[in-house]
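Notes for the one structure printed next.
The figures here come from the full heavy-atom set of this structure, side chains too, leaving out hydrogens, waters and symmetry mates.
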Amino acid sequence: MGPSNFVIPQTIASLEDETEADDNRLSVLRPTDVASLSPNRLQEFVKGVCFDLSDKELLCIEEQEVLDGVYSLVRGFSALPPLCQLNLLDTLRSNFSVLLPNLDSLSRLNHHGDIDDGYQHPVLDRISSHRNAFKLYTFFLFTIVASQESNAAASATSSSSSSTTTTTSNLKGNRKKQPIQSWNWEAQRARVLNLIASSLDINLALLFGSVDPDENYLSFITKNTFSLFENAAVLKDAETKDALCRILAACATKYHYTAQSCASIMHLIHKYDFVVTHMADAVAMSEKKYADGTLATSLIREVGRTSPKAYVRDTAGAENVGRFLVELADRLPRLVSTNVGLLIPHFGGESYKIRNALVGVLGKLVAKAFEDVEGEVSSKSLRLRTKQAMLEILLERCRDVSAYTRSRVLNVWAELCEEHSVSIGLWNEVAEVAAGRLGDKSAIVRKAALNLLIMMLQHNPFGPQLRIASFEATLEQYKRKLNVLSPEKTAESVLDGFQSDNDTADGTASDDHTMEADEEQKDSLPDSCLPHPDEVVAQKDTLVPDVGNLDQTRVLVASLESGLRFSKCISSTMPILVQLMASSSATDVENTILLLMRCKQFQIDGAEACLRKMLPLVFSQDKSIYEAVENAFVTIYIRKNSIETARNLLILAVESNVGDLAALEFIVNALVSKGDISTGVISALWDFFCFNINGTTAEQSRGALSILCMAAKSSTGVLGSHLQDIIDIGFGRWAKVDPLLARTACIAIQRLPEEDRKRLLDSSGSRVFAILESLITGFGLPDNIWYAAADKAIAAIYTMHPTPETLAADLVKKSLNSVFDCNDGDGLQNDITNGGANTFATVQVEKLSRYLFVISHVAMNQLLYIESCIRKIQKQKTKKDKVVPGGQDVHDTDREIANEPKENNINAELGVTASEDAFIDTLFERAEKEIVSGGSVEKNLIGLCAPFLSKLCRNFNLMQKYPELQASGVLALCRLMIIDASFCDANLQLLFTVVESAPSETVRSNCTIALGDLAVRFPNLLEPWTEHMYARLRDPSVSVRKNAVLVLSHLILNDMMKVKGYINEMAICLEDEDERISSLAKLFFHELSKKGSNPIYNLLPDILGKLSNQNLKTESFCNIMQFLIGSIKKDKQMDALVEKLCNRFSGVSDIRQWEYISYCLSQLAFTEKGMKKLIESFKTYEHVLSEDSVMENFKSIISKGKKFVKPELKLCIEEFEEKLNKFHMEKKEQEATARNAQIHQEKVNKIEGLVVARNKEDGEESDDSEAGEIIDPAMEGQPQSMDDQSDHQCCDSEHSGVCSEVTEVEPVDPEIQSPRVTTKGASKSRALRSNMKDRKSNVSTSTRRCTRSKQK
């Protein structure tokens, strides 16, 4: 009998049963139960086994006694003490490590040529013994590793479960019972696995008799290896993971265990996401170590063979497979590029995750698979054509149906741009695709497009400056130079050659050359030459550098053309970027700001203007948007050099509009508080204002003072150090150069703190007020600036003057005298009383307009001044109430107050406190009323002017003749109406007449804004005029509509006006032709939806009803309702809307309204409850199912419902669908039958009419001959009744379906009958019926049937 062989069993316990199966196999005969041994005996047993393994030769493990002992210890390894475990493991590992070199010596012995035949048999036995020992050591070591890992996983699971169910004390007790590990298992595990991996690296052909080991051995190795790959904790150890990868690579590649390994790898990838990168490492290691890509190719083929539908069902597996492919392409780009054709068909699958992965694979291949192309020209061209095909696929995938895939493609392009893997010839195509994706409906795609454009700007090959003018000027010069070098070739043909060169080359070398040439020509061409093209042409020989020969010049011209195209492409995106800054998505806004910053860095045309529109975003409630704007502002405008920072800020202030100035003030205040705007910048701003810096203009001085006024809100001491400079420069000779400087100086005076105001009053108060008075009453400023300056000057007077009403009275008098040339109000009153006929004969319209502005603005500031005084009184009263007699605080005298509560109780009972508050309120009302109405006996100057102003505004002929006077007069009228309720009530109808009929849109806009203020101040007076306020939304002027939207939005959102039944007018603004108005309306409804329980839910049915009755385009109606329904998010409200909309079908008979209601139903987000309500409400809308458009909307609802409902409800939906289709067909048939019956009835009536007419004619002819004939009265009504009966029968047959078609009756020529003489009425009637029967010979069958019934 030959030597025994060891066959690796399925489990370790199977070794005890091997004797019965085959006597020639090594098996365990006398195992020992180590769990039953005492600790001392167990230690002795372990020492004995370890001693035998160490003392005897390496092959002693074949001996039955040693095999039984090792088997017993390995099977009970978890029950051994830690020290015994360590001793056993070290002994097995050391023996196995010594055995491996012996295998090499055995191989050399086998190849020795002097071995005789007698010695051959012992050598074979020795090889068999070595093979058995090799398998046994591998088996026992791998079994120990697997056992330890399974025990560790079980203990981790039990400890995690016990931690949630036990108390702290129990945990302490359990912790004491747990065995203390005295050895580092992770290190031992790594050593064992590395040893097994090393054993696979040696030549095993001699041991196993062939190149590959037997199936049993490889199956055992791979099975345990893959089981360890399933443990995420094991893979965290780098050495262990590396050893497992080596084992897998050797088995799958070296020993050709590829098919089984491939199946196991795919199983693990589908099941565990953490194993993806490790499997990619193992596959890459197998290819690099053994120079054999069979395993990688097999995996790619397996993915390619899988049905795309399988990945739709297994989304997690699809994502893992996709990640694996990307990782594999990153590690083995050349190999994957040769097999990528197997994966391309999956681009047509429905799984977007696989498409995403394939896009990533192509990106990796383009970046890495075609580097350092070597070989023949044919192979180079093949590989480059492959690369070009991949790039074209990437461009095509930018239009994928899935937003995730589109965003992934754009991200891949960004990575390629960052790695300089995109040639210049393809650069502009990618840029245009990215620019087009900025308008994508998905936010993630827009974000990816913005990031791609940022990356393209950052890594562009055209230079650091991308101004269009610079490129055009330089390009023109080099085109001329090219024409000189090659006059027979035009410059247009150059770009084609350049693109073809780049299509067949990698693009890297040409990119470098182009960048060098581009930078060279940019350095040699200063920007100052660009605005003077004539001068550039004259000096082209000296300014244009010589870049080389004809080919180099061609390349440079082509590069310049590409750069110009790229610059124009980026510049064309500015309008879209402005829209994205108003997006509701914070990521859109943040990335748009980043892109605009990059555009400004590269001097893209229009970037500066777009960044200005970023400023209002500082008022955003989203903190991330505010921080993005602030960071961008600091990056762009704040520099280390204080003078440069000051210059940037003042230029920004000069060029900003009113809205941007408010935003700029907000940012400046924040930066001053944080210290980003330092004292050095403040000093530099003062230097600019005081003209201490050379070249400073009056406009720059004004801008510097504006920034200083903004900073004064956060730092009150900014303006106090230059009070005299503000007066001297702000109102001095420089104010004549820049008239707005005086207005800015007035603002600076208002911003002064209390201490600086007192100091200014003491030092030069009279001078300041004299300057302000002359500014208001004088005519030194032009009209377009005077109004703004006078506004701030009057406000400054009321801010600083101790008794501003006295100075304001003088201003009004002087202004009155300049207009009417009278010393008091008597002359004016007399002119008003007499009708004012001679008043305007001598009055200048300009002076009158200014006078009206002064009195109205003084009145408004007087009202504000009174309110501030009342607040001061109330503040003092509150402070006085908190302090008790003696100057002690209330909190210090609690005991005294407790002992003497009677005084306070008496005051409360007498109402002393309430009377004081009432007295203050009465005083305020009286002072407020006296501004316009005056006292009971006399009227003040403003009160005298109020009737005159009212009469002036009612004179429409005069107002139309002087539009400027109308604007000033109506504005003054609105201000006085805001101040006085009586005056408002008296002139409210006049105001609405003006706002509806004034030809000037400026006047209508001012009135619209004033109506908002009036609604806030006098809501009861304006309430009856609500409809007229909403009517401003239909104004033909864009400005008026915009202001109306703003005013109504403010009133409604701040609960100053109830949402009346005219909200449909605001809804129509959603489809306004002006984009600004449309955006404001959308913002209004968006904010309205956030209030309470979403008022839009309650308003929607009313809006639907009113919009249905208006002459709206169907597309506009659908867009409006889609937006409004989209703002309703709660499922409960959606379900209630289903019922409400279904009930509206009952009271509506118009087909158009049926279509609208069904469309609204189709836009709802249905839940299961909503679908049930829709099905239950079938009776309410069954009569509308005959319309095809209505039916299409219901079909849309059903298709959406099938996607989310549960299986049991899906069956109900299918039945409901069948019911709808059945009713639809029945209704269509009923309508067709009714139409046919109507047509038939009309034809029958026509025939009867002919009969009656002929009877009448014949009767008239025979009246003379039949005058004496007596006809039986009983027979008179019989023919008629028969006719009626036949008609009813005909209709019944029509509805019953007997005669469902009506044949068209063709006109028949009447036959000529021979005249007959009838002597009796009965015979005459028969003759007539016979005649009619002949006439109807060509009538259809149904008509004949009816006619026969009549004849009978």
Side-chain angles (χ1 to χ4, degrees), residues 370-374 377 380-381 384 387-388 391 416-417 419-431 456-527 529-530 533 535-570 602-603:
F370 305 98
E371 295 178 350
D372 301 329
V373 179
E374 298 178 357
V377 177
K380 286 184 179 181
S381 61
L384 292 176
K387 177 181 178 181
Q388 186 64 27
L391 292 172
L416 293 177
C417 292
E419 296 174 0
H420 304 284
S421 299
V422 181
S423 63
I424 298 180
L426 201 62
W427 193 270
N428 285 304
E429 293 186 36
V430 178
M456 295 190 76
L457 280 171
Q458 185 174 350
H459 298 281
N460 83 87
F462 307 113
Q465 296 181 359
L466 299 176
R467 287 177 296 180
I468 294 178
S470 176
F471 271 102
E472 289 178 343
T474 308
L475 178 61
E476 183 65 25
Q477 296 170 21
Y478 276 98
K479 279 186 177 181
R480 292 172 182 169
K481 188 176 183 64
L482 182 62
N483 290 333
V484 173
L485 294 174
S486 178
E488 69 279 1
K489 294 183 180 180
T490 58
E492 284 76 12
S493 64
V494 174
L495 183 59
D496 299 334
F498 173 78
Q499 289 179 346
S500 63
D501 291 339
N502 280 279
D503 289 341
T504 59
D506 184 53
T508 307
S510 61
D511 289 358
D512 297 338
H513 174 75
T514 304
M515 289 185 64
E516 292 174 2
D518 194 52
E519 292 175 1
E520 181 180 354
Q521 56 91 11
K522 287 183 180 298
D523 294 338
S524 61
L525 289 177
D527 297 337
C529 299
L530 297 177
E535 188 176 330
V536 171
V537 173
Q539 301 178 2
K540 66 179 185 298
D541 294 334
T542 58
L543 292 178
V544 178
D546 187 6
V547 296
N549 56 20
L550 177 62
D551 293 336
Q552 292 175 337
T553 307
R554 284 179 177 175
V555 172
L556 180 58
V557 170
S559 173
L560 289 172
E561 289 181 345
S562 297
L564 177 61
R565 181 182 170 188
F566 177 67
S567 180
K568 288 182 178 180
C569 177
I570 300 297
F602 286 90
Q603 301 182 10

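In terms of the side-chain contact (heavy atoms from CB on, under 4.5 Å) criterion, residue partners of E476 (sequence neighbours excluded) are, by chain and number, R480. Applying the salt bridge (charged side-chain N to carboxylate O under 4.0 Å, His left out) criterion to E419, with sequence neighbours excluded, gives no partner residue. With sequence neighbours excluded, no residue forms a salt bridge (charged side-chain N to carboxylate O under 4.0 Å, His left out) with E429.
Distance check, rounded to the nearest 0.5 Å: CG of L426 to OG of S421 gives 11.5 Å. Here the CD-CG distance, from E561 to N428, works out to 10.5 Å after rounding to the nearest 0.5 Å. One distance of note links NZ of K387 with CG of L391; it measures 6.5 Å at 0.5 Å rounding. To the nearest 0.5 Å, atom OG of residue S567 and atom CD of residue E472 are 8.5 Å apart. The NE2 atom of H459 sits 8.0 Å away from atom SG of C417, with the distance rounded to the nearest 0.5 Å. Taking CD1 of I468 as the reference point, atom CD of Q603 lies at 12.5 Å (rounded to 0.5 Å).
Side chain of D551 to backbone of R554: no donor-acceptor contact under 3.5 angstrom is found. With S559 contributing its side chain and V555 its backbone, the two residues share no donor-acceptor pair below 3.5 Å.
When every heavy atom of N460 is checked against every heavy atom of F566, the shortest pair comes out as CB-CE2, 4.1 Å. The two residues L556 and Y478 make their nearest non-hydrogen contact at CD2-CE2, 3.4 Å. Of all heavy-atom pairs between L457 and F602, the closest is O-CZ, 3.0 Å.
Between W427 and P461, the closest side-chain pair of non-hydrogen atoms falls below 4.5 Å. Annotation: side chain of L564 is in contact with side chain of L475 (closest heavy-atom distance under 4.5 Å).
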